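Below is one structure; the comments refer to it alone.
Computed from a predicted model, the values in this text were never measured in an experiment.
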Amino acid sequence: MQLDLNLLTALDALLEEGSVAGAAARLHVTAPAMSRTLGRIRHATGDQILVRTGRTMVPTPYALEVRAQVHDLVQQAHRLLSRDRELDLTTLDRTFTIRWHDALTSACGPALLTAVHHRAPGVRLRLLAETNSDTPELRRGEVDLESSSAAPSAPGLRHELIGESRLVAAVRPGHPLTEGPLTPERYAAAEHVTVSRRGRLRDPVDDALASLGLERLVIAAAPSTATALQLVLDTDLVVTVPHAVTGPALRTLGLRVLPLPFAMPLVPLHLVWHQRHDNDRAHAWLRAQAGSAVREMIAEADTAS
């Protein structure tokens, strides 16, 4: 029996993407070519693999059964044929794409860039802004590392909890809230701006206030932390942000930091990547550098508070 092992790579992509178009984009082939490959996989396995339900395609029971095994086989093949059995940072020539929250990039970017360039001068970092919607670039291999306040639920994604940060209120010097005790009532009555790439005017702070019978006055949503902090600097607006991540920007702008007068859970910070990089030594090294930079930032924030 003649086996075409390229079919395994295509099957892995089809099962992870759940669509012909997604698998084609990931493997950089045309959709018609991937559709023909799916036909060959169906012939070889005697199973439909993906079946259309409405506008989407869903895996068959057999496909679900073998998905993990297929992925492991593809990863083993990559490791077997890889030339990079030992990582030499001095000769490593690679570009990594990192998509982090803007405040995290501002706070940790300089330390990460310095560490990477010093140890691996041939490595380049592409620092991307977050988009206004959830996107599959990690699965497609277009992004190598992301940040998230929540553990990912999508299949095939790995994550590491790097640390946690408390929420604080940031205001301009001389803001009325800096005079006298800050109560939940005074906090809620002030004018607020949220940070939301989707333009949301509500976040978990509002739920906490609602449990106290209070409602805050949110008059604007900013697409990034940098924009929100600038608005706060020039107005009487209040923004509630994670202290560890925004500490450097708060100090640079000279903004006042006020502890929240009500209980809020700590904000977790995860690094997220795709499982295809689990045994990628260069990627593991990058994750270690990123984790070190973030932990150092959180330690400095804890010391300053």
Side-chain angles (χ1 to χ4, degrees), residues 1-84 96-99 128 130-161 197-198 268 270-284 287:
M1 180 179 180
Q2 295 296 318
L3 293 178
D4 184 353
L5 296 183
N6 288 322
L7 294 182
L8 275 178
T9 302
L11 178 56
D12 184 40
L14 285 163
L15 294 179
E16 287 200 19
E17 297 295 334
S19 74
V20 171
R26 176 171 158 181
L27 297 183
H28 306 290
V29 300
T30 65
M34 182 55 66
S35 182
R36 290 192 295 271
T37 300
L38 176 57
R40 294 173 59 199
I41 293 172
R42 286 169 169 168
H43 177 74
T45 61
D47 188 86
Q48 289 296 300
I49 303 298
L50 293 175
V51 294
R52 184 164 297 282
T53 302
R55 295 185 177 181
T56 62
M57 301 189 79
V58 297
T60 63
Y62 171 77
L64 291 174
E65 179 184 345
V66 302
R67 179 164 59 186
Q69 184 179 1
V70 168
H71 182 76
D72 287 343
L73 286 172
V74 171
Q75 293 300 304
Q76 290 175 31
H78 281 304
R79 290 194 296 271
L80 181 65
L81 299 176
S82 174
R83 295 182 179 179
D84 299 325
F96 291 104
T97 300
I98 299 175
R99 183 168 58 197
L128 303 185
E130 289 184 309
T131 61
N132 61 1
S133 62
D134 294 324
T135 52
E137 281 88 348
L138 274 177
R139 289 190 293 110
R140 292 180 178 175
E142 298 166 7
V143 169
D144 295 294
L145 194 63
E146 281 191 345
S147 67
S148 175
S149 60
S153 58
L157 297 187
R158 307 289 200 220
H159 68 96
E160 179 183 2
L161 177 63
R197 54 183 178 169
R198 297 180 177 88
H270 299 265
L271 294 183
V272 185
W273 66 96
H274 194 272
Q275 65 183 11
R276 72 170 61 88
H277 297 301
D278 284 351
N279 298 298
D280 182 337
R281 290 183 176 86
H283 195 281
R287 298 197 302 269

Kindly compute the distance separating NE2 (His270) from OG (Ser149), expressed to the nearest 0.5 Å.
-> 7.5 Å
Distance in Å, Leu138 CG paired with Asp144 CG, rounded so as to fall on 0.5 Å steps = 8.5 Å
Are Arg140 and Glu17 side-chain neighbours, meaning at least one heavy-atom pair lies under 4.5 Å?
-> yes
Listed by chain and number, what are the side-chain contact (heavy atoms from CB on, under 4.5 Å) partners of Pro32, not counting sequence neighbours?
-> Thr30, Arg36
How many angstroms lie between atom CZ of Arg42 and atom CD1 of Ile49, to the nearest 0.5 angstrom?
-> 8.0 Å
Measuring from Arg67:CZ to Glu65:CD, what's the distance to the nearest 0.5 Å?
-> 12.0 Å
Which one of Gln275, Glu146, Arg139 satisfies the side-chain contact (heavy atoms from CB on, under 4.5 Å) criterion with Leu157?
-> Arg139
Residues that Asn6 engages under side-chain contact (heavy atoms from CB on, under 4.5 Å), provided they are two or more places apart = Asp4
Could you grab the distance from atom CG of Asp47 to atom CD1 of Ile41, nearest 0.5 Å is fine?
-> 11.0 Å
What are the two closest heavy atoms between Leu15 and Ala63, and how far apart are they?
-> CD2-CB, 3.6 Å
Check Leu8 against Val70 and note the closest heavy-atom contact, atom names and distance.
-> O-CG1, 3.8 Å
Does the side chain of His283 come under 3.5 Å of the side chain of Arg287 through a donor N or O and an acceptor N or O?
-> yes
For the residue pair Thr37 and Val20, establish whether any side-chain heavy-atom pair is separated by less than 4.5 Å.
-> no
So Met57 and Leu14, side-chain contact (heavy atoms from CB on, under 4.5 Å) or not? Walk me through it.
-> CA-CA 10 Å; Met57 301 189 79; Leu14 285 163; over 6 Å; no
Contact check, side chains of Tyr62 and Gln48, non-hydrogen atoms, under 4.5 Å = no
Where do Arg26 and Ala13 come nearest, in terms of heavy atoms and distance?
-> NH1-CA, 3.9 Å
Met34 and Ala24 have their tightest heavy-atom pair at CB-CB, 3.9 Å
Nearest-0.5 Å distance that lies between atom CD in Glu16 and atom CG in Leu11 = 10.5 Å
